[in-house]
Amino acid sequence: MTVEGFIFDACQKAVDALYGVKPDNSQIQVQLTRKDFEGDYTIVAFPLLKISKKKPEDTAQELGAYLVQANPEIEAFNVVKGFLNLSLSHSFWSGLLAAVSADSSYGFAPKGSTGKTVMVEYSSPNTNKPLHLGHIRNNLLGYSVSRIIEANGNNVHKVNLVNDRGIHICKSMLAWQKFGKGETPESTGKKGDHLVGDYYVRFDKEYKKQIEVQKLQGLTEDDAKAKAPIMLEAQDMLRQWEAKDPEVYSLWETMNGWVYDGFAKTYADLGIEFDKVYYESQTYILGKSIVNEGLEKGVFYKRPDGSVWINLTNDGLDEKLLLRGDGTSVYITQDIGTALQRFSEFHLNDHIYVVGNEQEYHFQVLKLILKKLGYEWSEHLFHLSYGMVQLPEGKMKSREGTVVDADDLVEEMIATAKGMAEELGKLDNLTPDEAEKVYRMVGLGALKYFILKVDPKKSMTFNPKESIDFNGNTGPFIQYTHARIQSVLRKAADAGISISGTINPNALGAKEKELLKQIVSFPEVVAQAGASFSPALIANYAFEVAKEFNQFYHDFSILKEENADVKLLRLMLSKEVGSIIRKAMWLLGIDVPERM
RNA sequence: GGUUCCGUAGCUCAGUUGGAUAGAGCAACAGCCUUCUAAGCUGUGGGUCCCGCGUUCGAAUCGCGGCGGAAUCACCA
């Protein structure tokens, strides 16, 4: 039970006793008391006036007096305008600290306790170019949300749906065939995904050239695009691929293999994992049978050219194609099929798609179609729609070479972390291997935190000229706080001090209580983040806790405190703060070092 | 044009179902290491919460109307 919950109940009983009416949820508002006022928690009197039929100040006074005499935990109160500020007793607070420190999984619901199974799909790269900053946001969000959902007691399946087929893949393949001279990752020393990406760009260059030539011959822009020989060749290659032409198919396998090796390295660098990987080359045919089902039910209709459509104009949307005239499927056909397959195979309760907000319309349509087909679980599809990562100049454009490459960025962050650590002389006592681990941790911590602290649904700006900070509201700041705490705990252990025993309530000071308030709200933050799929809530919480601890650390000494009770309380508090920081950062997919 | 999302300090962002005098970080300036890690702490300056009207005891938050920006409305994915 949360502290707010306790006060809520006490308040409900008090109002009932005083005025004979039991207030409902909306009438009792409990919040943390603002720091500029005396007290711990505040009850807002205004919503209760209808019941008390008295002035706000009088209502708050009466309620406060009653609460203090009825609850030993509530020690004192004061009233400012319509706000009733309550102070909880020291023994109440120290009891909470004891409870938290006895619970090693504090803040997390027991594994699988909801009995629900949730699938999270994220990453979903194309195999024609390397990952960039936009993909990083997707991967970090997907991975963090998976952990948050798991921490809320659900079983989670993390999946990746790789787009390994289609015209864009053929473009890279064709360009490599024409201009590649047999280059391989081995022969060039280039990471596979980057090598293939180069040929994707090469195709585009050639294509543009051919369009210009066609236009000189008098063709319109559209005609020139449609009739450029290299584009016709690419389309022809896609048909050959679908017919499983051995030569094309083997080239496809080879080049995709290069890309997967490259992706594997990027994922490993980012610390991203999946439980299962789906490939569109294996799933793109799915969903066709459902189209027939929909035709029979009259949900879909067929046009004279044989294409299948659904009319969603009555739902405020448009008409949507489900099957091409030639009987081949489009993206949404496949998504219908895979959703159906996944729900039946894994008995899913919820399915979350981590996909950019440019596809909001697509998922709206997908949900609606499944609903119209009568699948009740369509209500349990969630599109975690995140905003684009923009540069100060606007959108990243791969054609203009303004994309921020994922591998480059990771490397740069680690190098910066290393440079800073060396400058500060922080890790001189570590072995090179250990130091290297810390550089990675800190560099990645900075990057991951920078991205995850922003509300997912908002678009965010990244300025490559101003490197990501390591001071202030950043990952390294929080990691540093953790390292500091561990250092204190190590010293305590070296001195043979045991961090256990009974807490003396009188040892609790004002700053310690502020820290405890933060600690106590952790489970609520985890629940909130789970309900809203928002790692940003966790990130901002972790920062607040770290900031509070650093102030405490600066103003008070822990190991040099002479009063044994105070020393024990401060050590227990430090240990719990360290543990909460580690858990919060774990939820973000960020590791924390023992030293830095 | 329709739909959806967004607009908070010079910059990057918080602000949980409407609550007290709107907060952090960066950048700028001024301080704090003989003391558990200074990747830290303290202080100063910085605001028409895009604008207007409305609902309310109370609006950055809710509603309506503007202005500005983004995404989307493909036999692409």
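Proteins get letters first, then strands, A, B, ... in listed order; numbering begins at 1 in each.
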Distance test, side-chain N/O of [X] to OP1/OP2 of [N], below 4.0 Å:
X	N	answer
A:Lys458	B:A14	yes
A:Arg484	B:A38	yes
A:Lys465	B:U12	no
A:Asn471	B:G40	yes

According to the side-chain hydrogen bond (donor to acceptor under 3.5 Å, both in side chains) rule, which pairs have a member within residues 459-471 of chain A, sequence neighbours left out?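 Residue pairs with at least one partner in residues 459-471 of chain A: A:Asn463-A:Glu466.
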A:Phe382-A:Tyr353 aromatic ring centre distance below 6.0 Å: no
Classify every nucleotide of nucleotides 72-77 of chain B by which part a protein heavy atom approaches to under 4.0 Å, writing B for the base, S for the sugar-phosphate alone and - for neither, in 5'-to-3' order. SS-BSB
Interface residues of residues 547-565 of chain A with RNA chain B (non-hydrogen, below 4.0 angstrom): A:Lys547, A:Asn550, A:Gln551, A:Tyr553, A:His554, A:Phe556, A:Ser557, A:Ile558, A:Leu559, A:Lys560
Starting from [atom2] on [N], measure out to [atom1] on [X] and report it in whole angstrom.
X	N	atom1	atom2	result
A:Gln364	B:C5	CD	C1'	12 Å
A:Gln29	B:U16	CD	C1'	12 Å
A:Met420	B:U37	CE	C1'	15 Å

B:G40 base stacked by A:Phe477 (centroids within less than 5.5 Å, tilt under 30°): no
